[in-house]
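One structure is given below, encoded as structure tokens.
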Amino acid sequence: MARIYFAGPLFTHAERRWNRELAAALEHAGHAVWLPQEKAGLAIEAAVPSPRAIFDSAIAGITQAEIVLAVVDGADPDSGTSFECGYAHAVGTPIVAVRTDFRGGGDDPDASVNLMLSQAAAAVVLSAHPTPAGDDVAAVALAIVDALGALQD
């Protein structure tokens, strides 16, 4: 299984909760997940670490990762996530981009995201439309696990 760095927005309660749920599902599937919101201490709302500590933690996480998982939701993906993807690409770490946002965006019509992100990615997982069961983190995790398996083949 893979050591995964989880790149994605982590500024709202909803984002951090979804990140934790997805990371837990990937860990349940046997992967080791570096979740920046936990590693940099952002889970403790009252004590926000210094900008340098957050940056250093992110670089350390990407450096140890075998895969960067990047959540690229939004009309324009999170700028920190975009940087993390650029850094990962520069050091040769494969990127799996995940988009759960049903809004169209970007200039890559196949991935509905900025083409610099989609073209840097080794795989793009699209899960934009809710399933009949609702917004299912487990289904997104399964699609990611399938993409990881295809990369390792």
Side-chain angles (χ1 to χ4, degrees), residues 1-11 14-40 42-43 54-153:
M1 294 300 164
R3 288 187 317 273
I4 300 170
Y5 177 87
F6 191 118
L10 46 71
F11 302 102
E15 289 166 342
R16 289 189 300 275
R17 183 176 58 247
W18 193 80
N19 294 350
R20 279 192 302 274
E21 290 174 7
L22 183 55
L26 293 170
E27 288 172 343
H28 183 73
H31 299 284
V33 180
W34 177 285
L35 189 59
Q37 69 195 50
E38 304 292 337
K39 298 292 185 180
L42 294 175
I54 295 169
F55 177 84
D56 289 344
S57 179
I59 297 301
I62 296 167
T63 300
Q64 63 81 38
E66 296 171 305
I67 299 283
V68 168
L69 175 70
V71 178
V72 294
D73 287 341
D76 195 25
D78 174 67
S79 57
T81 302
S82 297
F83 171 83
E84 291 161 326
C85 287
Y87 184 81
H89 183 71
V91 300
T93 303
I95 301 160
V96 174
V98 177
R99 185 160 177 88
T100 67
D101 195 332
F102 62 82
R103 299 172 289 179
D107 45 9
D108 184 338
D110 294 327
S112 195
V113 71
N114 178 286
L115 70 86
M116 300 303 283
L117 292 170
S118 67
Q119 297 306 300
V124 178
V125 173
L126 300 174
S127 182
H129 299 288
T131 64
D135 296 329
D136 189 359
V137 172
V140 175
L142 183 59
I144 293 167
V145 168
D146 287 347
L148 293 172
L151 290 179
Q152 294 173 343
D153 289 343

Original post:
Run the side-chain contact (heavy atoms from CB on, under 4.5 Å) check on S82 and L117 step by step: do they pass?
Top reply: CA-CA 7 Å; S82 297; L117 292 170; 3.9 Å; yes
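- A donor-acceptor contact shorter than 3.5 Å is absent between the side chain of R99 and the backbone of V124.
- Taking OG1 of T93 as the start and CZ of R3 as the end, the distance is 9.5 Å to the nearest 0.5 Å.
- Note that CG of L69 is 10.0 Å distant from OG1 of T81, once rounded to the nearest 0.5 Å.
- Note that CG of L148 and CD1 of I67 are 5.5 Å apart. Values are rounded to the nearest 0.5 Å.
- Side-chain atoms of S112 come within 3.5 Å of backbone atoms of G105 as a donor-acceptor pair (strictly under, hydrogens ignored).
- Taking the six-membered ring where the residue is Trp, F6 and W18 present perpendicular rings, their angle passing 60° and hence far from 30°.
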**OP:** With side-chain contact (heavy atoms from CB on, under 4.5 Å) as the test, would you mind laying out the steps for N19 and E38 before giving the verdict?
**Re:** CA-CA 10 Å; N19 294 350; E38 304 292 337; over 6 Å; no
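- At least one donor-acceptor pair closer than 3.5 Å links the side chain of Q37 to the backbone N or O of R16.
- Side chain of D78 to main chain of G8: no donor-acceptor pair is present (N/O by atom type, distance under 3.5 Å, no hydrogens or angles).
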Original post:
Can D146 and L142 be said to form a side-chain contact (heavy atoms from CB on, under 4.5 Å), step by step?
Top reply: CA-CA 6 Å; D146 287 347; L142 183 59; 4.2 Å; yes
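- Minimum interatomic distance between G74 and D101 (heavy atoms only, all atoms of both residues): N-OD2, 2.8 Å.
- Residue Q64 holds its CD atom at 12.0 Å from CD1 of I59, rounded to the nearest 0.5 Å.
- The one candidate from Y87, Y5, W34 that meets the side-chain contact (heavy atoms from CB on, under 4.5 Å) condition with V68 is Y5.
- We find the CD-CD1 distance between Q119 and I95 to be 11.5 Å, quoted to the nearest 0.5 Å.
- Between D73 and P9, the closest side-chain pair of non-hydrogen atoms is not below 4.5 Å.
- Judged by distance alone, with hydrogens and angles left aside, the side-chain atoms of E15 form a donor-acceptor pair with the main-chain N or O of F11 at under 3.5 Å.
- Considering CG of D108 and CE of M116, their distance stands at 11.5 Å, rounded to 0.5 Å.
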